[in-house]
Amino acid sequence: MSKIPIQYYLNDDVVYLAKDLIGKYLFTKIDGKRLTGGIITETEAYAGITDKASHAYNNRRTKRTEVMYNKGGDAYVYLCYGMHALFNIVTNKKDIPHAILIRAIHPTEGIELMLQRAGKTKITKEFANGPGKVAKILGITTIHSGIELTNNTIWLEDKGIVFNNSEIETTTRIGVDYAKEDALLPYRFKVDFSIANKYNF
DNA sequence: CGGCCGATCCACT
DNA sequence: GTGGATCGGCCGA
């Protein structure tokens with residue numbers, strides 16, 4: 001067990017962290033018994049009060065976004081389009097509302113349970129390639145917003161997987177056209193399914 | 001209090 | 001590649 005410690009999440013460079021999270025393991029044990037998880041293969045950085053794409057832009061504080069102002073290492077989960085839970089990791093110090101959206105994983109642990117949660121029978125490259133799907137197969141819902149990732153419900157581990165820099169694609173973020181010039185920032189990082197797959201984790 | 005819409009996904013063509 | 005599902009959060013009145 002090599003759970004990532006709280007200090008990791010306090011780093012003040014959210015874009016660096018978003019890229020560094022590629023290759024880390026994300027695990028959940030929602031019912032306290034059964035483990036599910038996989039390797040993070042896609043992330044997006046949301047850089048706080050100066051980032052027009054962030055829920056915390058212009059220091060906006062609401063009941064929903066309040067957990068983004070916690071110190072790094074908490075989960076921020078919110079509902080999108082009325083039906084999809086989206087899982088984010090809060091980073092940086094208290095009152096600096098940075099967060100990283102986990103957009104895709106490469107499933108490795110608890111495959112049967114994850115297939116069951118998704119209502120699928122086999123793993124394809126489409127299985128865990130969107131943020132709504134990731135939360136669904138891991139059993140994450142909005143009730144988990146605000147919990148600490150150093151506990152045993154949702155946590156990350158570093159097992160030493162490092163992708164080559166050339167294997168990590170950097171692009172603009174998805175679905176943030178409303179953020180105008182900030183929609184052009186290179187804050188999305190992803191490893192293609194076929195690349196993660198060839199390592200045969 | 002009413003109305004708009006989103007850090008999406010899937011079925012269907 | 002397109003449109004419908006579906007609802008909490010947010011804003012303006």
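Each chain gets a letter, A, B and so on, in the order its sequence line appears, and its residues count up from 1.
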Novice: Hey, where on DNA chain B does chain A first and last touch, going 5' to 3'? Cut-off is any atom under 4.0 Å from a heavy atom.
Specialist: B:dG6 to B:dC10
Novice: May I ask whether A:Met68 and A:Ile140 are part of the same hydrophobic cluster, defined by side-chain heavy atoms of I, L, V, M, F, W, Y residues being less than 4.5 angstrom apart, directly or through others?
Specialist: no
Novice: Would you check if the side chain of A:Ser2 reaches a backbone N or O of A:Asp158 as a donor-acceptor pair within less than 3.5 Å?
Specialist: yes
Novice: Report yes or no: does A:Arg188 contribute a side-chain atom to a donor-acceptor pair with the main-chain N or O of A:Arg173 at less than 3.5 Å?
Specialist: no
Novice: Distance-only, no hydrogens or angles: does the A:Tyr78 side chain make a donor-acceptor pair with backbone N or O of A:Leu86 under 3.5 Å?
Specialist: no
Novice: What orientation do A:Phe193 and A:His106 show, parallel under 30°, tilted 30 to 60°, or perpendicular over 60°?
Specialist: tilted
Novice: Please determine if A:Asp192 and A:Lys198 form a salt bridge, counting it only when a charged side-chain N lies under 4.0 Å from a carboxylate O.
Specialist: no
Novice: Is it the case that atom NZ in A:Lys71 sees more than 12 heavy atoms from other parts of the structure closer than 6.0 Å?
Specialist: no
Novice: Please list, pair by pair, any protein nitrogen or oxygen found under 3.5 Å from a nitrogen or oxygen in nucleotides 4-6 of chain C.
Specialist:
| from | atom 1 | to | atom 2 | distance (Å) |
| --- | --- | --- | --- | --- |
| C:dT6 | O2 | A:Tyr81 | O | 2.8 |

Novice: Could you tell me the separation between the CD1 atom of A:Ile123 and the CD1 atom of A:Ile137, rounded to the nearest 0.5 Å?
Specialist: 7.0 Å
Novice: Is there a path of hydrophobic side-chain contacts, each under 4.5 Å between heavy atoms of I/L/V/M/F/W/Y residues, joining A:Tyr8 to A:Leu149?
Specialist: yes
Novice: Classify A:Leu101 by what it touches in the nucleic acid, base, sugar-phosphate, or nothing, heavy-atom distance under 4.0 Å.
Specialist: base
Novice: Report yes or no: do A:Phe27 and A:Ile161 belong to one cluster of Ile/Leu/Val/Met/Phe/Trp/Tyr joined by side chain heavy-atom distances under 4.5 Å?
Specialist: yes
Novice: Could you give the distance separating B:dA7 and C:dG1 at their P atoms, to the nearest angstrom?
Specialist: 23 Å
Novice: Would you classify A:Arg64 as touching base, sugar-phosphate or nothing, given that sugar-phosphate means primed atoms plus P, OP1 and OP2, and contacts are heavy atoms under 4.0 Å?
Specialist: sugar-phosphate
Novice: Reckon A:Thr65 touches a base, only the sugar-phosphate, or nothing at all at heavy-atom distances under 4.0 Å?
Specialist: sugar-phosphate
Novice: In dot-bracket form, 5' to 3', how is DNA chain B paired? Count Watson-Crick and G-U wobble pairs only if both distances fall under 3.5 Å, and write | where the partner sits on another strand.
Specialist: ||||||.|||||.
Novice: Nearest nucleotide by nearest heavy atom, which residue falls closer to the 5' end of DNA chain B, A:Gly175 or A:Ala118?
Specialist: A:Gly175
Novice: So does A:Thr62 get a backbone contact from the side chain of A:Thr65, meaning a donor-acceptor N/O pair under 3.5 Å?
Specialist: yes
